[in-house]
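As structure tokens, the structure follows; a few thoughts come after it.
In the text below, chain A, chain B and the rest are named by the order of the sequence lines, each starting its count at 1.
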Protein chains: 2
Amino acid sequence: MAVTINEVAEHAGVSPMTVSRVINGSQRVRAETRTRVEQAIAELGYVPNSLARGLSRQKAGTLALIVPDVANPFFTLIVRGAENVARRAGYRVILCNTESDLEREHEYVQEMLAHRVEGILIAPANDRSLRHMRIIQRHGVPFVLLDRAVAGMECDLVQGDSVGSARQLVEHLVRLGHSRIALLGGEPEISTTRDRVQGYRQGLQGAGLAWDPALEIHSRYEITGGYQAAQRMLELPTLPTALLAVNNVVAVGVVLALRERGLEVPRDFALACFDDIEYASLLFPFLTAMVQPAESFGTLATQLLLDRIDGRGSEQRRHVVLASELIVRASCGSNRVAMPSLAQY
Amino acid sequence: MAVTINEVAEHAGVSPMTVSRVINGSQRVRAETRTRVEQAIAELGYVPNSLARGLSRQKAGTLALIVPDVANPFFTLIVRGAENVARRAGYRVILCNTESDLEREHEYVQEMLAHRVEGILIAPANDRSLRHMRIIQRHGVPFVLLDRAVAGMECDLVQGDSVGSARQLVEHLVRLGHSRIALLGGEPEISTTRDRVQGYRQGLQGAGLAWDPALEIHSRYEITGGYQAAQRMLELPTLPTALLAVNNVVAVGVVLALRERGLEVPRDFALACFDDIEYASLLFPFLTAMVQPAESFGTLATQLLLDRIDGRGSEQRRHVVLASELIVRASCGSNRVAMPSLAQY
DNA sequence: GCACACAGTGTTATCGTTATCACGAACAGC
DNA sequence: GCTGTTCGTGATAACGATAACACTGTGTGC
């Protein structure tokens, strides 16, 4: 069906090897011959088979990008950033959406290894992803962790400053007069949760506030997780006055749960969270958040990965920590709210 | 570096062919032999090379998904749906983000053909994508158009009912008392724009309203496009009272442009648009929209594509048109606004 | 006891490309 | 004029898997 290099060769009256030289831009081809071959390629509509090429060259020119949820705006931006850098470097990206399911993650890792991808970018489901990292390591495929560290795995990593950011959020809420602040959402098996918990506690301590374990309510990094965490929070004997959601979608779930009980943010609770919801924030300056430079997570991690692939990576692991920006909006009850603008576009 | 089928064969004391039979689940293998091979596979950590397999079998087990912008919530959902169905059918998905750039789209098409993907899902940049469709056709690779038709191309297509939806939106605005309604955003080279323009005009006509070409202001399907369209709208001698944005991100741009001039929605203008902004809508029932079942676009299109790949597709083209749902929220100024709930999760 | 089916396994060729080496022609240096 | 280099090209053998066929045994029917 498809045109092969041999047909092109025949058509141009040369050997396949010469055609190969032409399509790979080798210098060792006479100008006239090159023209003839290029013409044959155009006439036949030849497109080189990259499977065969990959097999022969022992590399496929593809990277894998494994994330827990493409539809989460945070990861979506990571995807866009990674895809962009990869494309410019001549790589294709295979997207893998694990839905935070370890089983799926495992399958994907196997598949990507089978596909002989040259590198893997992965935002792991949780610490138990360690097993998958080890598999990748055993196969000698370069990889970079995104957003989340994995306990027991020393490797290249691009993440946000969760500890500092959580602390800043607490400090902000304290500044607004809150002294009873709850932390909602997040599973302890995920590094960002632990970091945010740590920053949260630091923030409380720094402000001289007591730490109440009942105010740390864990749940999944999902809307429903936020919803459930808020419900459990509402059953506490003494309610907090401020809520710290462990990420953007959890915050949405929290708002929904509160609203169901007739409670409103910021009227009844101050709310702050991690990660922006891009379009939502433009429409309404609602969620006060530590906004992480998600797209940079993607571009930088891809850069690190490409370095490794090209053998330019240093011996030791590289650990990139990106700062977040506190954006004060309505949900925390502050009256100094910045209006969104188009500046970023 | 990587373990091959031959090493496994040697390790198990059989021929490579027998190993191949085992990994492909052929029946013709003695139970004892199978066990021995499986053990060898496990011991060596063998993962079959899918490039070689793809070359040999003449199919790679991958689909291409080409979209204008992954970060647009509408396309993000399409991606999620497509990826899901593809995975279940045993296919990998290569994600291609064209940023509505024809040149990039062309490169991606070439690359995907080179990669011998078994099928292509594509939300084309615009009508000039026709050239790329023809290239795909010439190579005999099945493909399905997503969301947008391409003038001059008869092929499988999954899209929303843009005409009817636009009409409904106009009718809704008319019901709320508006008679001067502008259509903002969208390039005429994109089929959805034309369809929405048509529905818009039908809506006006049905309501017995005059059609004023000055009220149709085209621009790109982007935030900046909406922003610019709104600016031009504001220069009109007689302003409209209601605005129909051609999609979600255009609506965001419109809101920003208005806000810059101290104008607010719905106080100064009623606003309605196409496509939801998932998380934003949950937080705030703000944008009145015809919500398209984006994820179904992805799943259905993938289904159609798989049918074609398996030769189950009918001779003639299949054209799926999915209905949208009018969700009335605040931006149109209606006072009957539905509160978002978690029901959908 | 012989033809025959069939289970289980191996052999060989092939998929489309590239790495490597080889070859002849042209040309330089001495 | 001989050796040696460089240029342009081709021949051959991989890369790692599978398809198609070939080959052993073993059992079955008569």
Side-chain angles (χ1 to χ4, degrees), chain A residues 1-38 40-41 44-62 110-111 113-118 139-141, chain B residues 1-38 40-41 44-62 110-111 113-118 139-141:
Chain A
M1 170 87 243
V3 181
T4 73
I5 200 172
N6 295 295
E7 300 170 46
V8 175
E10 199 168 341
H11 197 81
V14 297
S15 77
M17 200 51 228
T18 300
V19 178
S20 175
R21 291 198 178 93
V22 170
I23 59 187
N24 290 296
S26 159
Q27 293 310 308
R28 292 280 142 87
V29 180
R30 194 150 44 109
E32 192 232 316
T33 312
R34 175 184 307 277
T35 317
R36 203 142 37 90
V37 170
E38 278 166 353
I41 289 176
L44 298 175
Y46 167 68
V47 178
N49 183 327
S50 60
L51 293 176
R53 178 181 276 184
L55 181 60
S56 187
R57 287 215 269 235
Q58 293 285 62
K59 49 186 215 167
T62 48
Q110 291 287 349
E111 249 182 49
L113 291 173
H115 210 266
R116 299 299 189 265
V117 295
E118 271 142 280
H139 282 260
V141 175
Chain B
M1 169 88 242
V3 181
T4 74
I5 200 171
N6 295 294
E7 300 171 45
V8 175
E10 199 168 341
H11 197 84
V14 298
S15 77
M17 201 52 227
T18 300
V19 178
S20 174
R21 291 200 178 91
V22 170
I23 58 187
N24 289 296
S26 159
Q27 294 311 309
R28 293 279 142 88
V29 180
R30 194 149 45 107
E32 193 231 314
T33 312
R34 176 185 305 277
T35 317
R36 203 143 38 88
V37 170
E38 278 166 352
I41 289 176
L44 299 175
Y46 168 68
V47 178
N49 184 327
S50 60
L51 293 175
R53 179 181 277 182
L55 181 60
S56 187
R57 288 214 267 235
Q58 293 285 61
K59 50 185 212 165
T62 49
Q110 290 286 349
E111 249 182 48
L113 292 174
H115 210 266
R116 298 298 189 266
V117 294
E118 271 144 280
H139 282 261
V141 175

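Mapping A31(B) and N6(A) onto DNA chain C by nearest heavy atom places A31(B) closer to the 5' end of the strand. With DNA chain D read from its 5' end, the first of the two nearest nucleotides for S20(B) and M17(A) is the one closest to M17(A).
A straight line from CZ of R116(A) to P of dC15(D) spans 13 Å, rounded to a whole angstrom. The interatomic distance linking L51(A) (CG) with dT17(C) (C1') rounds to 11 Å, in whole Å. In this structure, CD of E10(B) is placed 14 Å from P of dA17(D), rounded to the nearest angstrom. In this structure, the CZ atom of R28(A) is 15 Å from the P atom of dT20(C), given to the nearest Å. For the pair R34(B) CZ and dG8(C) C1', the interatomic distance rounds to 11 Å; values are reported in whole Å. Taking atom CD of Q58(B) as the reference point, atom P of dT17(C) lies 10 Å away to the nearest angstrom. Atom pair E32(B):CD and dG8(C):P shows a separation of 12 Å (rounding to whole Å applied). For I41(A) and dT17(C), the CD1 to P distance is 10 Å, given to the nearest whole Å.
Counting non-hydrogen atoms under 4.0 angstrom, S50(A) reaches nothing in the nucleic acid. Residue R30(B) is classed as a sugar-phosphate contact, given heavy-atom separations below 4.0 Å to backbone atoms only.
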| request: Show your working on side chain to side chain contact (heavy atoms under 4.5 Å, CB included) between R57(A) and N24(A) and close with a plain yes or no. | output: CA-CA 12 Å; R57(A) 287 215 269 235; N24(A) 290 296; 3.3 Å; yes
| N49(B) vs T4(B), side chain to side chain contact (heavy atoms under 4.5 Å, CB included): CA-CA, chis, key distance, verdict | CA-CA 8 Å; N49(B) 184 327; T4(B) 74; over 6 Å; no
| Stepwise side chain to side chain contact (heavy atoms under 4.5 Å, CB included) test for R53(A) and I23(A) | CA-CA 11 Å; R53(A) 178 181 276 184; I23(A) 59 187; 3.7 Å; yes
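Closest approach of S15(A) to A9(A), counting heavy atoms only: C-CB, 3.6 Å. Annotation for N6(B) and P16(B): closest pair OD1-CG, 3.2 Å, computed over non-hydrogen atoms.
Distances from the side chain of I5(A) to the nucleotides dA7(C), dT18(C), dG10(D) place dT18(C) closest. Here the side chain of N49(B) is nearest to one of dG16(D), dG16(C), dG10(C), namely dG16(D). Which of dG8(C), dG10(C), dT18(C) sits closest to the side chain of V14(B) comes down to dG10(C). Checking dT17(C), dG10(C), dT9(D) against the side-chain heavy atoms of R53(A) singles out dT17(C) as nearest. Taking every side-chain heavy atom of S56(A) into account, dC15(D) is the closest of dC15(D), dT9(C), dG16(D). The side chain of L55(B) approaches dC15(C) more closely than any other nucleotide in the set dT17(C), dT9(C), dC15(C). In the set dT9(C), dG8(D), dG16(D), dG16(D) carries the atom at the smallest distance from any side-chain atom of A52(B).
Of the side-chain N and O atoms in T18(B), one or more sit less than 4.0 angstrom from OP1 or OP2 of dG10(C).
One N or O donor and one acceptor, one from the side chain of R21(B) and one from the base of dG10(C), sit under 3.5 Å apart.
More than 12 heavy-atom neighbours from other residues, nucleotides or ligands sit within 6.0 angstrom of CD on E38(A).
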